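Naming: A, B, ... by sequence-line order, numbering from 1 per chain. Just so we're clear, the structure is a prediction, and the values are computed from it rather than from any experiment. For the numbers below, each heavy atom of this structure counts, side chains included, while hydrogens, waters and symmetry mates do not.
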Amino acid sequence: MLQCIFLLSDSGEVMLEKQLTGHRVDRSICDWFWNQAISQGDSFKQQSVIASPTHYLFQIVREGITFLACTQVEMPPLMAIEFLCRVADVLSDYLEGLNEDLIKDNFVIVYELLDEMIDNGFPLTTEPNILREMISPPNIVSKMLSVVTGNSSNVSDTLPGATSSCVPWRTSDIKYANNEVYVDLVEEMDAIINRDGVLVKCEIYGEVQVNSHITGVPDLTLSFTNPSILDDVRFHPCVRFRPWESHQILSFVPPDGQFKLMSYRVKKLKSIPIYVKPQLTSDAGTCRINLMVGIKNDPGKMIDSITLQFQLPPPILSADLTSNHGVVNILSNKICSWSIDRIPKDRTPSLSGTLAVETGLERLHVFPIFQVGFRIQGVALSGLQIDKLDLKVVPNRLYKGFRALTRAGLYEVRS
Amino acid sequence: MAPPAQSQRSPSPSQPSGKSEVTDLKTQLRQLAGSRAPGVDDSKRELFKKVISYMTIGIDVSSLFGEMVMCSATSDIVLKKMCYLYVGNYAKGNPELALLTINFLQRDCKDEDPMIRGLALRSLSSLRVENLVEYLVGPLGSGLKDNNSYVRMVAVMGVLKLYHISAATCVDADFPATLKHLMLHDPDTQVVANCLSALQEIWSSEASTSEEASREKETLISKPVIFYLLNRIKEFSEWAQCLLLELVAKYVPADSNEIFDIMNLLEDRLQHANGAVVLATIKVFLQLTLSMADVHQEVYERIKAPLLTLVSSGSPEQSYAVLSHLHLLVLRAPYIFSSDYKHFYCQYNEPSYVKKLKLEMLTAVANETNTYEIVTELCEYAANVDIPIARESIRAVGKIALQQYDVNAIVDRLLQFLEMEKDYVTAEALVLVKDLLRKYPQWSHDCIAVVGNISSKNVQEPKAKAALIWMLGEYSQDMNDAPYILEGLTENWDDEHSAEVRLHLLTAVMKCFFKRPPETQKALGAALAAGLADFHQDVHDRALFYYRLLQYNVSIAERVVNPPKQPVSVFADTHSSEIKDRIFDEFNSLSVVYQKPSYMFTDKEHRGPFEFSDELGNLSIGAEATNDVVRANRVEANDQDLLLSTSEKEESRGASNNGSAYSAPLYDASSVSAAASQAQSDSLISNLEVAGPQASFAIDDLLGLGLPAAPAPPPLKLNSRAVLDPATFQQKWRQLPISVSQEHSLNPQGVAALTAPQALLRHMQSHSIQCIASGGQSPNFKFFFFAQKAEESSIYLVECKINTSSAKAQITIKVDDQNTSQEFSTLFLSALSKFGFP
């Protein structure tokens, strides 16, 4: 079980320390950690499980803040990592953001939260809704309220009802004048396209995000027109298993507010929205580059925020690049980024120029990989469609809203 | 004193230095302590905040303890919380001052607000001061009976904390029994979960001393408890579900109906949003079905999709942990994942340790249908900017080539690598081509044509150079200028820094000499002279050996150096399967991420000997890039003679099983084996001090010497009628640490007699060693044996894996009584070595 949690700022300063068991973990572990992080650079920062000479460390990094947990005994690694992720989520939810100042200003709240989230090294409650009832967030409303009422405590005097209810993610006495529920399909497309323009791999990871503000304890059902395309699904604990098993219907009592109802994966997709045609020719110490970007399969909605990014290979000394559309930037670490945004109607965006190759090298052996970014609003590229959303008891004045969004995940084109 | 100020790294200017501010705070707190003026809580709150923030940045504010306690009389819950936090942090260092807090904490424990009762109880039990435990028992007792579940939940954890401060007080107050009652009857699932986690800890540590506790520990994993909890699993919080699933994984069901019941109950857990729950469920499924091969297979199919989703969803931190588990499963059952190979394609942005895992998985899942695509993909990575990954991917192509039957396309690709004109690509490709030729000599014509074009000047890496030299020697009849290239290399003898390359050069010149004597004579003379004058012991010895061999009889020398070779069918596995099995048993733990079983990293005292015995098992462990600092130098040492040991190992192995692969006469074989083992024993000698008694035994074994082990062990008698039921065996096997783990060569008679597993069973039975399970088909057999010490209850468990084609047995022994483990292992091995003799 976890023995201690540290929060480190992006300069390595210990902002917060929470000892969880009788076995105290000395702060010097943070010094060790930070020295390693400095000497080993990024590759260390990306490791989630680290063996130090005295402890096993778990780390996650969010907005420059390192959440570090220590243990000396064997435990499921994912439990520690998941937990840290939840802590980060809850904190950023409570503090409306996550940065050094916010944490330092509100460290009492952070302590209070950690106190309820983990006891004796074992995670207890990480449901934001329950925590919210035990410790109210330091937002403007509660500050105003405290000025007006003179009651400056940010702790509610009653214990959350949900801790004993059978729907632990929701309290029973929620009231709204206007009932609203919004369902968003958010998809990320991962794709690899090889140098001949052939699609090597294409897959979508998607989430169904729900934002509900409904009076009482509503019982919702959500169905899709084509659930069979889903490869694998994962649900929020509120989703009942049987209706999905038998009819692919999502039946659930939602938590109040924003939450992730379901995540899914769709594999072996055949069409991609954007193509990139790279041409590189290199001889006699220079390399000519020519890139064209265009729409391959029109999704029927506007594609925007198109960007292209690539790392110039190490033997390239300098680059002289121009484009007929958008802005080209070469960053200090030899990363070249081209922001196109929308593809104009009258011409195909293209980028061309020359790259100067290190002296002594005739030809280039290593070619860059182009990472593409884009966003399409109004379409879920997997083809998943929501059929309908029903409530068992329909409250008066109910508004239902549906949206979809697809963006590029790891979308890369090789050359 | 808890966090001392001086341990802090140099304080930044914005941080107060401490002293004067603390004194300041002290006076301010004093002033507020008795005050009842309106608004006093607000000023207190500001002050408390300051104190806590000092504490947080590491300034020692323990001197304020008295004042803080005086100010704690308040109804404001935030003030209380800050005060609890402060007290919890400093009480352990100030036991006498902590006494001051008892009073107000005890009073708060009786507050009418359940939240305050809970918080106070939590703080009271977090004081961790031994002489205050008497004040804890009362509030805990009433906390456990509280009508509010929040207070009960806190009280249960409090019991565990009390147990850690003073186990006797906790047991005397009969708290464990109360917890057990709560666990089975409390309506609140969080209370139940906390009871479960507390009881597990208490009873496991009590079990060693108390019979009753160990019985209680057993009942935790008994059918009624498990099913009672499982039926309520959906009400549990996600973390409590993880805990429960961990427990279920330890449960041994009575029959297959139970197994299916459990799996039906848990199936929907595989779709839980929390990755930890999913992984814990997968562990349960895998453990339950271990004994049912076909269901186990279906389980793999079932868990595939959730695992792949987990990898692609979630944060990068989570994906890595999941990927490590996936890696383990893929290596265990590659055929199940062979259609999902695209999931293991590397994305550009991924960190290199993720790419490395993926490359290994791609290698594992390659089969007839997907090889072409996988190899095409791997070739893409050879041009990767990340050079270590580029190298890994070339090696991966090579490994696939060695595990496939149809290698046409792959050989072409490898040869293309050689023409890529990049040093490291050429280097890796050369090593691979060498291995390939040893397995598929029929390709020599195509390969040699390309290899012949490579100038040895462009090859700098020792491994690659050694590979090139090996090919020059082996195929000197097909390469026109081989003798001249070798001669050129011999001339630069002194510039060659790697002993490995010089060793290979010696052998290659010898081989070349027998094939094309007139052209090579000069080079041979030069090489032998240089070799004899060499400072490196191995090089010197080998040169001397060749020299005397030539002196003795040239035709015999030819038979030693240039025997007709049979293609290598299977290369020695780099990761012992015993370790893989251990890691698999520890699914959903850190072991999987580190890729080594927990006994290798958690149990520090056992580290030395175990590491050694492990090393014996795989002399040719590859250059696995481990992050572990402790093991780093060991790996490096191994890395150095990797090439040597793989190329020579075959020879020494051939020698020990009496020329099945080589037609060289016996007396030559033994000398070759001695020379070859030299390098291996060299690395072993450095470990001798660490190893103790095991080492002498192992080296004798390795060198084929029959010297008796140094101290004559007192005879160990075994009970000839020992009995053990499979469940107990399984349980014990999981619990006990490994006492002995080593590889043992079998005598040829034994190998010949082992046509079916039953033969060995009867033989071992005559030595009072019983078999509990066996299986496998030629050439791989696996046995589980057990034995019992005569007139004692101490049990010995053995896992024995025999590979008849290499005549090796991999033996793992676990024992109750560690003192006799060596004797038993000797006894077992002697029994095993008698197998096959009438």
Answer yes when B/K81 and A/D115 have at least one side-chain N-carboxylate O distance shorter than 4.0 Å, and no when they do not. no
Does A/K334 have more than 12 heavy atoms from other residues, nucleotides or ligands lying within 6.0 Å of its NZ? yes
Are side-chain heavy atoms of B/W239 and A/R86 found at a separation under 4.5 Å? yes
Under the criterion side chain to side chain contact (heavy atoms under 4.5 Å, CB included), I'd like the reasoning laid out for B/I52 against A/Y111: C-alpha separation, chi angles, the key distance, then a yes or no. CA-CA 10 Å; B/I52 304 278; A/Y111 274 128; 3.8 Å; yes
For the candidates B/H325, B/K342, B/H164, which exhibits the highest count of non-hydrogen atom pairs separated by less than 4.5 Å from chain A? B/K342
In Å, rounded to the nearest 0.5 Å, how long is the span from CG of B/L279 to CE of A/M79? 12.0 Å
Is the shortest heavy-atom distance from the side chain of B/Q347 to the side chain of A/Q371 under 4.5 Å? no
If we ignore hydrogens and angles and just use 3.5 Å, is the side chain of A/E82 paired with the main-chain N or O of B/N274 as donor and acceptor? no
Checking B/S237 against chain A: side chain, backbone, both or neither under 4.5 Å from a heavy atom? side chain
Yes or no on salt bridge (charged side-chain N to carboxylate O under 4.0 Å, His left out) for A/K201 and B/E373, after CA distance, side-chain angles and deciding distance? CA-CA 11 Å; A/K201 167 190 164 181; B/E373 282 178 73; over 6 Å; no
Do side-chain atoms of A/R234 reach the backbone of B/H272 as a donor and acceptor pair under 3.5 angstrom? yes
With no hydrogens and no angle check, do the side chains of B/Y348 and A/Q309 hold a donor and an acceptor under 3.5 Å apart? no
Check whether B/E238 gets within reach of chain A through its side chain, its backbone, both or neither, counting any heavy atom under 4.5 Å. side chain
If you measure only the distance, is there a donor-acceptor pair under 3.5 Å linking the side chains of B/E317 and A/Q59? no
Chain B contacts, top residue of A/E188, A/E207, A/R195, A/M262 (heavy-atom pairs, under 4.5 Å): A/R195
Of the backbone (N, CA, C, O) and the side chain (C-beta and beyond), which part of B/S53 lies under 4.5 Å from a heavy atom of chain A, both, or neither? both
Heavy-atom distance under 4.5 Å to chain A: side chain of B/I165, backbone, both or neither? neither
For chain B, which of A/E116, A/Q19, A/K268 has the most heavy-atom pairs under 4.5 Å? A/E116
With a 4.5 Å cut-off on heavy-atom pairs, point out which of A/L16, A/T126, A/V108 contacts chain B the most. A/T126
Side chain to side chain contact (heavy atoms under 4.5 Å, CB included) between B/L308 and A/D232: does it pass, once the steps are laid out? CA-CA 9 Å; B/L308 292 173; A/D232 185 49; over 6 Å; no
Please lay out, stage by stage, how B/N194 and A/L124 fare under the test side chain to side chain contact (heavy atoms under 4.5 Å, CB included). CA-CA 9 Å; B/N194 281 3; A/L124 289 177; 3.7 Å; yes
Can you find a heavy atom in the side chain of B/M153 that is under 4.5 Å from one in the side chain of A/D119? no
Is B/Q190 in contact with chain A via its backbone, its side chain, both, or neither, using a 4.5 Å heavy-atom distance? side chain
